[in-house]
Amino acid sequence: MPNKIAQIPMPQNEPIMGYMPGSKERKELKDELKRRKSMVIDIPMFINGKEVHTQDTVEIFPPHDLSHKIATCHKGKSEHVSKAIEAALNAREKWANMHWEDRASIFLKAADLISGPYRSSINAATMLGQSKNVYQAEIDAVCELADFLRFNVYFASKIYSEQPVSAPNIRNTLEYRPLEGFVYAVTPFNFTAISGNLPAAPAIMGNVVVWKPSSVQVYSAWTIMQILREAGLPDGVINMISTNAAETSNIILSHPDFAGVHFTGSTPVFNGIWKTVGDNISLYKNFPRIVGETGGKDFILAHKSADIDVLATAILRGAFEYQGQKCSACSRAYIPKSIWDQTWEKMYEALKTFKVGDVEDFSVMMGAVISEDAYKKITRYIIDAKANPNNIIMYGGGYDKKKGYFIEPTVILTKDPKSITMVEEIFGPVLTIYVYDDAEVSMDSILHLVDTTSNFALTGAIIAQDRYALEKMKNALTNSAGNFYINDKCTGAVVGQQPFGGARKSGTNDKSGSQWNLLRWVSIRSVKENFVPPKYYTYPYMSEE
Ligand code: NAD
């Protein structure tokens, strides 16, 4: 066998394309949107390298254009879950034994397909299926997904080269084995990149996967599956199923070969998965890995020394990009009274220019929220907030679902910093602001308030120019966020730069897109070889005087 030790250079983050009027990429994307809208795509399940069609189908519409059908998705039953598990387990031996560099080539190729020939396709799928504007689609479906794949290959190479010391006459090595069994990947609707990364990360490390995407993200999930296929992913390594979530979990989480779950989604669903794993623990051959990134109630805290433009921009982008449907979205802000009027003036002037509508119009800032369920849930919070005498609706508060699930960017000013919209995850374009009297109230008490208001600890940002204030705020909020920002918005983590994840009820904080996440998908074998082994059982100290 020809040998080598491959060097995997640190990747560069995929550059974000501009989509300026007249640009080539803009034209290609517009053409692709048109092409996709002129057809109804068939979305099968994908088990053991085969497309699986069923009689049970659901129709898919863009959330911003509910009268235009774009796809038909084939739904499966419990037998498909079992078939996906079987396919994964059958593929395991060959996949786990493939040299990691050859496995890596598949994912590096997929990344290049995404940033190259499939760029407009995966962007258009994300815009139509999840109602992202062009920029939000580009940073997610292209840049972040390509980054996940490239950086994870690099991180895998770093893990594999991590080896122990050896004493004289001995050779010690660590072997990074894939988990013994299969991994269950459960993905959320809001990031195409997360949807691709959760099955791909364990697969890069040699694991086989059953992947259940969100039922409202299957349109771009199917594009990911097609790309992985074209990149050379062998049959059975990742099996994509569209099945009832609870039923799928019941089957998978009671299988003896269940080896781990890679989850991103809401905290209650993750709680349920964890509990079931606990209840079933005696059924498994191994203790399963449980990795879950969950909800957030992310904050921006301003100090009186804040630059007003920086503050207003961080809040507006953090709260309303992708309609607030980011786990990291700013949904509570704390602003000192001494700078509130100026801050609000800036925010208000900007909000008046926000365009909400069909994301195929590139001048639109916000599209629709993802589904009828999301629309109902978010508007319920708005209705209740309007009825609360402690609140003033400073902006928005309107909604309309005639054409799509549109909700205005909504700003609530509250006198009660523990009111429900300051505490619970809403996952929509709703921001609540608490103005604190910086002449009366100590910074310590505000910091305590920010730290203790919610059960989550995903992202948070502090805005100040006073260096002593920044230091104090950063230290006091040590456990309030797994991703912490200074003079920036609380969204937009970049793979390789800000590994992502939160603590408390925001997840296991295994930092997606990092070496630490990949470590969860291997089980280490320590191998000691003795070159000069002893040949008799006694030790020298046992000799007679
Ligand atoms: P969700 O919890 O409704 O769904 C997530 C996934 O879980 C979907 O695939 C869904 O079908 C599945 N699911 C639902 N019930 C299940 C069950 N009983 N067993 C197994 N799977 C089940 O979340 P969503 O609406 O898709 O996404 C929004 C949530 O995800 C928010 O809470 C957001 O904060 C969180 N999120 C977190 C991060 C992060 O990195 N922390 C990133 C993105 C989204």
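One-based numbering, in listed order, for ligands and for the atoms of each. These numbers come from a predicted model, not from an experiment. One is the number of the first residue; the rest follow in order along the sequence.
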### Least distance between heavy atoms, Asn190 atom then Lys132 atom
O-NZ, 2.7 Å
### Query
Distance from Ile224 atom CD1 to Tyr219 atom OH, nearest 0.5 Å?
13.5 Å
### Query
Can you name the residues that come within less than 4.0 Å of ligand 1, going by heavy atoms only?
Tyr184, Val186, Thr187, Pro188, Phe189, Asn190, Ile194, Lys212, Pro213, Ser214, Ala245, Ala246, Ser249, Phe263, Thr264, Gly265, Ser266, Val269, Ile273, Glu293, Thr294, Gly295, Gly296, Cys327, Glu425, Phe427, Leu458, Phe500
### Task
Can you sort out the partners of Tyr381 under ring-ring contact (aromatic ring centres under 6.0 Å, His included), two or more places apart, ordered by chain and number?
none
#### Entry: Reference residue His262; test side-chain contact (heavy atoms from CB on, under 4.5 Å); the match among Asn517, Thr187, Val209, Val186
Asn517
### Query
What is the ring orientation for Phe270 with Trp274, classed by angle as parallel under 30°, tilted 30 to 60°, or perpendicular over 60°?
perpendicular
### Message
Would you call the rings of His255 and Phe182 parallel, tilted or perpendicular, taking 30° and 60° as the class edges?
### Response
perpendicular
